[in-house]
Protein chains: 2
Amino acid sequence: MTIKDLAAASGYSVGTVSRVLNGHSNVSETAHSIVMKVVEEYGFELNANAKYLKQQSGTCILVIVKGTSNELFATLVEQLQLLATDTRYPLIIDYIDEDANEVVRAIQLSKERKPLGILFLGGSNRHFRASFAQTKVPSVVVTNDAHALDFPRLSSVSTDDQVGAYQAVEHLIRAGHNNIAVLGGDRTRSDTSFLRYQGCVDAFQHNRLHFDDSWYRTGRYSFASGYRNMTDLLQIHPETTAVFAMADVIAIGAIRALWDQGKRVPYDVSVIGYDGLRISDYFLPKLSTIAQQVEALAQRSFTLLLDCVEGGLPARHETVPFSLKIGESVRSLSSLPK
Amino acid sequence: MTIKDLAAASGYSVGTVSRVLNGHSNVSETAHSIVMKVVEEYGFELNANAKYLKQQSGTCILVIVKGTSNELFATLVEQLQLLATDTRYPLIIDYIDEDANEVVRAIQLSKERKPLGILFLGGSNRHFRASFAQTKVPSVVVTNDAHALDFPRLSSVSTDDQVGAYQAVEHLIRAGHNNIAVLGGDRTRSDTSFLRYQGCVDAFQHNRLHFDDSWYRTGRYSFASGYRNMTDLLQIHPETTAVFAMADVIAIGAIRALWDQGKRVPYDVSVIGYDGLRISDYFLPKLSTIAQQVEALAQRSFTLLLDCVEGGLPARHETVPFSLKIGESVRSLSSLPK
DNA sequence: TTGTATGCGTTATCAT
DNA sequence: ATGATAACGCATACAA
């Protein structure tokens, strides 16, 4: 079933059928209704390959999502979809592996779909540096700061990870802690981990506290990694009274590990996380965490991209505020003991 | 950059270039190496639209995933990707909204990519009944039993939700509970919820316990829904000593609600979940739950699909065993009180 | 307003 | 082994 068959069935030519299907104005009322009736009847749909092959410029916005089991991104996608329904732009959402190269993927998909703009949910500066130049449309990286890359078509919307981590650690220090462990990602491979690590170091230095790498453990952003690293670290530093986990999932793994080692949170050890995932409100204890403002991230990214796509504005780099969410997982050492 | 340009650059014709790119055997060593060198040089990639437009039959396997924030499906996808790398079949993974029509989407995508087979991660019998007939290739529904649909090309691999729910409730009953609340999904809209509900009822009846709908609350599979419904239910039945939650996320919401109402799990109230998500091992208390065997689900589904695609075998309907995972969230009433 | 014809980039069927 | 050429299904410039 092609538009040729449709033309035969409707008595009109393929040109008219195509025009009806694409909502062009220069078709008569009667032609429109007759063609549409036949379309309904056969349940016809255009062949997307032929369509995109023919079209020189598409009309969609491409969204590349790094990682499928990332709750933050999942909610971000939901928000974006809401925003997109208010516009005439269809969203093409493409999920790739956490460790895959998002820019290479974007280039490939761009050739197929010719998007008007690209939204990257997560990304690594390394990949952008290597091949973003091959891209042709305005793009924005969400979650990572791409300011330093200085590409003329590449914007970014992010929270200040360094300051976020700084405030998290300072929250612990203000609560009277100085034996603070840090559980994070690989700071040599993940830009986010690097910045959060820097924020930590800043906080320690600013408060004249010593911090060496024996208090720092590197791993993935997962429950299991948090559990393992917390268990390890407790062997070396049983005097730990507080933990900064660079992700809520790490924090949860760590809390469980502490429990299994006979330490209760927050009575024996305080833990602060990062992200503000939904689970943080339901966990026992409720997680104190640096909460990302997902709605704001989505909103800012989307309008920023539209500004560039529609208005031809130059790339911008925006920062969305975070908030320190006080839960039940941090105890002030100056308050009464259990 | 098209194969035409490539032909010019390499001195060969488009035919030869195409043959090289598709790994055909009837090309000379020299032609192969020369063309490949040019391909490398320009970083050329085939235009997917033109390719799929031309190709009458594709070579991939289509995976339709219902819902992006479903951890069970996320791990299922990972497993499937592992399995697929052992074969020559590329996987096309398409995530759609939890409430979207997976069959309609499959039909649409099939027209574009001409897959050899389709894997549905989740699905509703209603949608299959309505339009699966328009499909042309072997398919398997994972997680739902499609036996009753009786389509000749539609297989399914699922765990027996009814028996699973039965065992969950019986686990509570055996522990001495008889004031058991049930928190689930909408049994009129979700096949899974319906079966788990049936399993509950079976367990009550088999144990000669009374069960009326005032002990049952319906909602979404989310923390928030579990929290809300547990809070509500506690108003009506403060004598509740045990809860069966039809999903781990509901269980976690419920546990938090109980805590906020001054009830501790498992000392005051026992809770059992369903799914065996990763969080169930890290939550405090560790969740007792009906654990789905994700690896087995993936393995069985994939080989089943290949059996049909390659071997031309008829559709089958398999059941993958689950396991009752004992955590820390259920207390036996006969054991010593706190 | 409608019809006709060309080309999008690729694969495949012919010849050579 | 290689080259020329006809589709694949659609959008669109042009003609009517």
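Convention: sequence-line order gives letters A, B, ...; per-chain numbering from 1.
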Nearest-0.5 Å distance, [atom1] of residue [X] to [atom2] of residue [Y]:
| X | Y | atom1 | atom2 | value |
| --- | --- | --- | --- | --- |
| B:K66 | B:H127 | NZ | NE2 | 5.5 Å |
| A:R113 | A:L62 | CZ | CG | 9.0 Å |
| B:T143 | B:L76 | OG1 | CG | 6.0 Å |

If I compare all heavy atoms of A:A146 with all of A:L154, which pair ends up nearest, and what's the gap? CB-CD2, 3.9 Å
Whole Å only: how far is the [atom1] atom of [X] from the [atom2] atom of [N]?
| X | N | atom1 | atom2 | result |
| --- | --- | --- | --- | --- |
| B:H32 | D:dA1 | NE2 | P | 14 Å |
| A:N22 | D:dG9 | CG | C1' | 13 Å |
| B:Q55 | D:dA7 | CD | P | 19 Å |
| B:L21 | C:dT10 | CG | C1' | 10 Å |
| A:E29 | C:dT2 | CD | C1' | 16 Å |

What's the closest nucleotide to the side chain of [X] if the choices are [options]?
| X | options | result |
| --- | --- | --- |
| B:L53 | C:dC8, D:dA4, D:dC8 | D:dC8 |
| A:N26 | C:dT2, D:dA1, C:dT4 | C:dT2 |
| B:I3 | C:dG9, C:dT10, D:dT12 | C:dT10 |

Need one value for [X]: base, sugar-phosphate or nothing, where a base atom within 4.0 Å counts as base even if backbone is also close, heavy atoms only.
| X | answer |
| --- | --- |
| A:H24 | sugar-phosphate |
| A:Y12 | sugar-phosphate |
| B:L46 | sugar-phosphate |
| A:N47 | sugar-phosphate |
| A:K54 | base |
| A:T2 | sugar-phosphate |

Would one find a side-chain N or O of [X] under 4.0 angstrom from OP1 or OP2 of [N]?
| X | N | result |
| --- | --- | --- |
| B:S28 | D:dT2 | yes |
| B:S18 | C:dT11 | yes |
| B:T16 | D:dG3 | yes |
| B:K51 | C:dT11 | yes |
| B:N49 | C:dT10 | no |

Is the ring pair A:F128/A:F120 parallel, tilted or perpendicular, if the boundaries are 30 and 60 degrees? perpendicular
